[in-house]
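No hydrogens, no waters, no symmetry mates; every other heavy atom, side chains included, goes into these values.
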Amino acid sequence: MFVKLENINFKYANNEDLILNDLSFELPKGCMLAILGPNGSGKSTIAKLIMGLLKPTSGHIYIGDEELTEKSVNHLRKKLSIIFQNPDNQFVGVTVKDDIAFGLENLKVERSKMQEAVNQYAQMVDMSEYLDANPENLSGGQKQRVAIAGALAMQTDLIIFDEATSMLDPKGTKEIIEMIKTLKNSHQKTIITITHNLEEALFADKVMVLNQGKIVLEGTPREVLKEKTILEASGLKLIDGLFLIDRINNSALEESQKKVLTDKLWELTFKM
Amino acid sequence: MGINFQNVDFKYAKKASKKQLDNINLSIDAQNEFIFIVGHTGSGKSTLVQHMNALLFPTSGKIKIFDLNVVRKKKTPLKPIRKHVGLVFQFPEYQVFETTVLDDIMFGPKNFGQTKEQARSQALEAAKLIGISDDLLERSPFTLSGGQMRKVAIAGILAVNPDILILDEPTVGLDPKTKDELMQLLVDIQQKTNKTIIMISHDMNIVSAFAKRILVMHQGKLVFDGHKDDLFASHELLDLYNLDLPTSASLAIQLKKAGLINYDKLPLTKEELLELILKEGSYE
């Protein structure tokens, strides 16, 4: 197991309500987990706990075989990276090159090898042409890709995407979703994506729905994304293809017609 | 007439070769319009709406807002223009700053010279319109959820009671339920008040569900001004300006290809597609 959360409770202050309530889950190495939930459900708190930016009120977090504690946090954090929501808040370099190199400098990579590594990671996220570009001239999607290159440069095993597409336009969103797919398939990274964009969950290995700090649903995308009642109660809704399947199944159409239509809609939804 | 643009060009610097707005001609009624502005990032959408409430001024051409000429002269009073046209920026919740929700909503009308009592009564009305409940009014806006804070920010503009309300991507970053609620509220506000609402959006599912009139911006030019059906029915236009189809329209095209449905007019929303499927059954 690469990431394991065990009976996590979290609240900001003693007198406040629990933000996370007895939360447990496991994620094997190389797998992708999508955490869905409405604004304020506690999704991002999970990311902050795993990154060691917050400390659980009670419960245990394991990264690899080690428990995350005050002692181990600095060393475990080297295995993790996070891509935040706002592309403008995580650009640390003056140019794309500097930004990617920042992580390498932290890893004390030799200067002579630095250039080669920067080129390699920029190429992976398709930003080779922009090495000397000023971040102000980049689109949101491009900035997020540079952040991903930085994360790749750190050679972390786990990458967390914390609503990384929610401020992007459709083109930027597509770019990042394609990037996540590549990281999952070709680079065998362990990935957690925190989102309320249900399309981002379609290709995850496992999907978890969070509402008011509790897991209300978990399973494969096919199992979870058709659960209309629970999704709606959690501020989410069926994506169009699954909405149509739900209504067709509850309609007066003949069974044979229902089957043909819903089979095709399943196929299209998971292909789109 | 609410807003009128005649041959409007805009460049950030006089000598710049690139025009951010390129020969825009446009008329928007003072009442009862629901307009969406679409187009790629950098196509000039935000620049266009910033001209509609005198935040930017044309390099050449003429803009009239409710018969007031928009010109960059020191003595031209801009408040009357901005009283007519209220603009809600992207992520407006970042601009919330007062200690209570009510004070924050009152800031706008006070800034336009209303007495404290008037401002308060207009703020209460705006809060009611956008669905901010009374128990939130004395709370600090910073204890609210993102969606609620955004409503507070929109209420602050509504409280000035502009004739035309412009919103730059009001639903970005909200969860699906909050997104639907906000859209429904804006539709209700439009119907109750007859205000013209203009909205920038990238979300074609929202655009197809709510738009009557669509403006497409591309490289600083207004390249389409018309009904949504005419835009989404044209593959050439969508390809040319790199616009996505709404999800259900894409599904409809694939279902038609597979011989499962047939239609003359492409369904744009999931409701339209469902109606078609249920009416015809699977198409033989």
Part of residues 168-179 of chain A lying next to chain B, heavy-atom separation under 4.5 Å: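 Asp169(A), Pro170(A), Lys171(A), Lys174(A), listed by number.
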Proximity of residues 211-237 of chain A to chain B, residues having a non-hydrogen atom under 4.5 angstrom: Glu232(A), Gly235(A), Leu236(A), Lys237(A)
Closest approach of Ser166(A) to Val172(B) (non-hydrogen atoms, all atoms of both residues):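 Shortest heavy-atom contact: O-CG1, 3.3 Å.
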Neighbour count above 12 (heavy atom, 6.0 Å) for Gln90(B) CD: yes
Within 6.0 angstrom of Lys265(B) NZ, more than 12 heavy atoms from elsewhere: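 Result for NZ/Lys265(B): enclosed.
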Leading residue by heavy atom contact count with chain A [cutoff under 4.5 Å; candidates Asp180(B), Asn205(B), Asp203(B)]: Asp180(B)
How far does [atom1] of [X] sit from [atom2] of [Y], to the nearest 0.5 angstrom?
X         : Y         : atom1 : atom2 : value
Phe243(A) : Thr269(B) : CZ    : OG1   : 8.5 Å
Ser251(A) : Leu274(B) : OG    : CG    : 8.0 Å
Asp240(A) : Leu273(B) : CG    : CG    : 8.5 Å
Lys264(A) : Ile261(B) : NZ    : CD1   : 11.5 Å
Asn250(A) : Leu278(B) : CG    : CG    : 10.5 Å
Leu268(A) : Thr247(B) : CG    : OG1   : 12.0 Å

Under 4.5 Å from a heavy atom of chain A, the part of Ser145(B) involved: neither
Pairs meeting criterion salt bridge (Lys or Arg N to Asp or Glu O under 4.0 Å) with involvement of residues 131-146 of chain B, two or more places apart: none
Side chain to side chain, Pro38(A) and Lys177(B), heavy atoms closer than 4.5 Å: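 When only atoms from C-beta onward are counted, Lys177(B) and Pro38(A) do not touch, as no gap falls below 4.5 Å.
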Chain A contact residues among residues 218-237 of chain B, heavy-atom distance under 4.5 Å: none
